[in-house]
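Only one structure is covered here, and it is reproduced in the block below.
The basis for the numbers below is simple: all heavy atoms, side chains too, and nothing from hydrogens, waters or symmetry mates.
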Amino acid sequence: MTTAKLKALVWREWRICQKAYLTGLMVVIIMVLFFGLFRLSMSVGNLAPVFEGSEMLAQFSALLYYMSSALVAAITACLSLDVTALQADIRANWLRYSFALPISPELRATSIYIVKYIKFGIGFAIAVVNGIVSAKIANVAFSEHMMWLFAAIMAFVMLYDLLLQYFYAKARTIKGISVAQFTVMGVLTACMMGYMFYKTMYEEGDSLDITIKSLCPKFLSHENVIIPLTVIVLIAAPLLGWYITVRHYRMYGDVKEDTQSKKRFSLHHQKETKGDAES
């Protein structure tokens with residue numbers, strides 16, 4: 001019985017978010033094809049005469065490889081953070097209604113994280129396949145260290161998602177979700193600006209191409225720390241996120257949501273009441 005409920009919740013969650021997620025995947029695939037065609041054009045296409053017989057082809061191709069591979073890994077991971085289902089539940093007031101159903105908070109949270117981490121798995125697979133194919137086109141060696149780099153990017157996005165879940169736990173309305181997203185982005189922006197200020201004031205900055213090409217060597221030089229941290233985050237982040245989500249459903253799930261349809265109905269109802277009183 002519990003398994004049947006979980007399957008129904010997972011299917012419901014997927015049905016709500018699938019359109020937004022598949023649209024995002026199509027955008028990623030178009031971007032991957034663009035980068036691939038651009039590399040092919042540099043090697044054997046219209047741009048080949050420009051780079052022929054120069055070291056610029058190898059340097060720019062490697063730069064494009066690292067940049068596009070990391071970008072695809074980050075975007076596919078971020079697609080898993082879609083809140084379409086949560087927003088739909090609030091607008092439809094399903095969360096409040098669902099408390100009359102024999103569904104435990106643990107089952108609700110489990111269904112959400114099953115769908116979310118299936119999307120994380122799809123994103124990681126796309127990032128790895130793109131990395132392998134792109135390495136062949138760019139004549140760059142693809143190693144297991146690149147897979148760990150992709151995993152580290154996924155782990156960072158999971159930490160971002162964990163921070164989002166913490167603030168979502170306090171959000172009771174659509175506006176509350178927007179405020180939570182703005183708060184998390186503000187925290188990350190402040191951290192990035194602080195880091196950039198530190199680099200500018202106390203360290204000599206590198207150019208963009210040097211920074212991008214040095215990502216992999218820097219990762220390798222700190223892999224004894226980064227890889228264990230990545231494994232810990234990949235295990236701990238979903239567990240903590242699941243706990244926060246369960247706590248959210250136990251404490252805030254039955255709060256009345258303020259939907260647009262209800263506001264319009266209330267305004268219309270007030271006009272009717274006022275008209276009846278005047279007549």
Side-chain angles (χ1 to χ4, degrees), residues 1-26 28 73 76-129 147 150-151 153-174 176-177 180-181 230-257 259:
M1 188 65 179
T2 301
T3 304
K5 292 179 183 178
L6 183 59
K7 287 181 179 179
L9 289 172
V10 169
W11 179 245
R12 188 196 73 89
E13 188 81 15
W14 169 247
R15 288 284 295 176
I16 295 174
C17 69
Q18 67 173 348
K19 184 176 180 180
Y21 181 67
L22 293 177
T23 302
L25 281 185
M26 288 300 298
V28 172
T76 52
C78 288
L79 288 178
S80 306
L81 310 183
D82 179 46
V83 291
T84 302
L86 179 58
Q87 291 174 336
D89 288 345
I90 290 178
R91 289 192 181 98
N93 218 355
W94 186 87
L95 289 179
R96 185 173 175 84
Y97 163 74
S98 66
F99 270 75
L101 303 176
I103 304 172
S104 66
E106 290 79 9
L107 278 179
R108 303 165 194 257
T110 302
S111 66
I112 290 173
Y113 271 84
I114 286 176
V115 174
K116 180 176 294 187
Y117 280 88
I118 286 176
K119 292 190 287 188
F120 268 121
I122 294 172
F124 184 77
I126 291 175
V128 172
V129 171
M147 295 189 66
F150 296 153
I153 293 173
M154 294 281 176
F156 177 81
V157 175
M158 287 181 185
L159 285 177
Y160 174 69
D161 176 63
L162 183 61
L163 192 60
L164 277 175
Q165 291 298 323
Y166 174 77
F167 285 98
Y168 284 162
K170 301 179 180 181
R172 307 185 183 191
T173 62
I174 296 293
I177 293 176
Q181 293 171 333
T230 299
V231 174
I232 291 173
V233 170
L234 292 177
I235 296 174
L239 295 177
L240 287 175
W242 180 86
Y243 171 76
I244 292 173
T245 306
V246 170
R247 184 174 178 272
H248 163 61
Y249 283 131
R250 285 176 176 170
M251 298 182 65
Y252 305 122
D254 58 345
V255 175
K256 184 177 181 180
E257 292 84 5
T259 61

- CD/Gln165 to CG/Asp161 distance, rounded to the nearest 0.5 angstrom? 5.0 Å
- Item | Closest heavy-atom pair and its distance - Ser111, Leu6 | N-CD1, 3.9 Å
- Would a 4.5 Å heavy-atom cut-off, applied to side chains only, mark Leu79 and Lys119 as touching? no
- Query: Is any side-chain heavy atom of Phe167 less than 4.5 Å from a side-chain heavy atom of Gln181?
  - Reply: no
- Query: Passes salt bridge (Lys or Arg N to Asp or Glu O under 4.0 Å), Arg108 versus Asp89? Steps please.
  - Reply: CA-CA 12 Å; Arg108 303 165 194 257; Asp89 288 345; over 6 Å; no
- Side-chain heavy atoms of Ile122 within contact of Tyr21, under 4.5 Å: yes
- Value for CE (Met147) from CZ (Phe124), rounded to nearest 0.5 Å, stands at 4.5 Å
- Query: Got a salt bridge between Lys19 and Asp82, using NZ or NE/NH1/NH2 to carboxylate O under 4.0 Å?
  - Reply: no
- Query: Can you name the closest pair of heavy atoms from Ala180 and Leu164 and give their distance?
  - Reply: O-CD2, 4.4 Å
- Task: Can you see which heavy atom on Ile235 is nearest to which on Leu239, and at what distance?
- Result: O-CG, 3.4 Å
- Say you draw a straight line from CD1 of Ile177 to CD1 of Ile174; how long is it, rounded to the nearest 0.5 Å? 4.5 Å
- Which class fits the ring pair Tyr117 and Tyr113: parallel under 30°, tilted 30 to 60°, perpendicular over 60°? parallel
- Note on the structure: In terms of heavy-atom contacts, Thr84 and Ala20 come closest through OG1-CB, 3.7 Å
- Query: Below 4.5 Å, heavy atoms only, C-beta onward: do Leu163 and Leu159 meet side chain to side chain?
  - Reply: no
- Are any of the side-chain heavy atoms of Leu25 and Ile126 separated by less than 4.5 Å? yes
- Query: So how far is it from Met158 CE to Lys116 NZ, rounded to the nearest 0.5 Å?
  - Reply: 10.0 Å
- Message: My understanding is that only residues two or more places apart in sequence, or in another chain, count here; which of them pass side chain to side chain donor-acceptor pair (under 3.5 Å) with Tyr166?
- Response: Lys170
- OG1 (Thr76) and CZ (Phe120) are apart, to the nearest 0.5 Å, by 9.5 Å
- Message: If you count heavy atoms of other groups shown closer than 6.0 angstrom to CZ of Phe156, is the number above 12?
- Response: no
- Point-to-point distance, once rounded to the nearest 0.5 Å, from CG of Leu9 to CD1 of Ile114: 9.5 Å
- Task: Looking only at non-hydrogen atoms, find the nearest pair between Ala237 and Leu162 and report the distance.
- Result: O-CD1, 3.9 Å
- Give the minimum heavy-atom separation between Cys17 and Val115, together with the two atoms involved. SG-CG1, 4.1 Å
- Query: Hey, does Met154 have a side-chain heavy atom less than 4.5 Å from the side chain of Ser80?
  - Reply: no
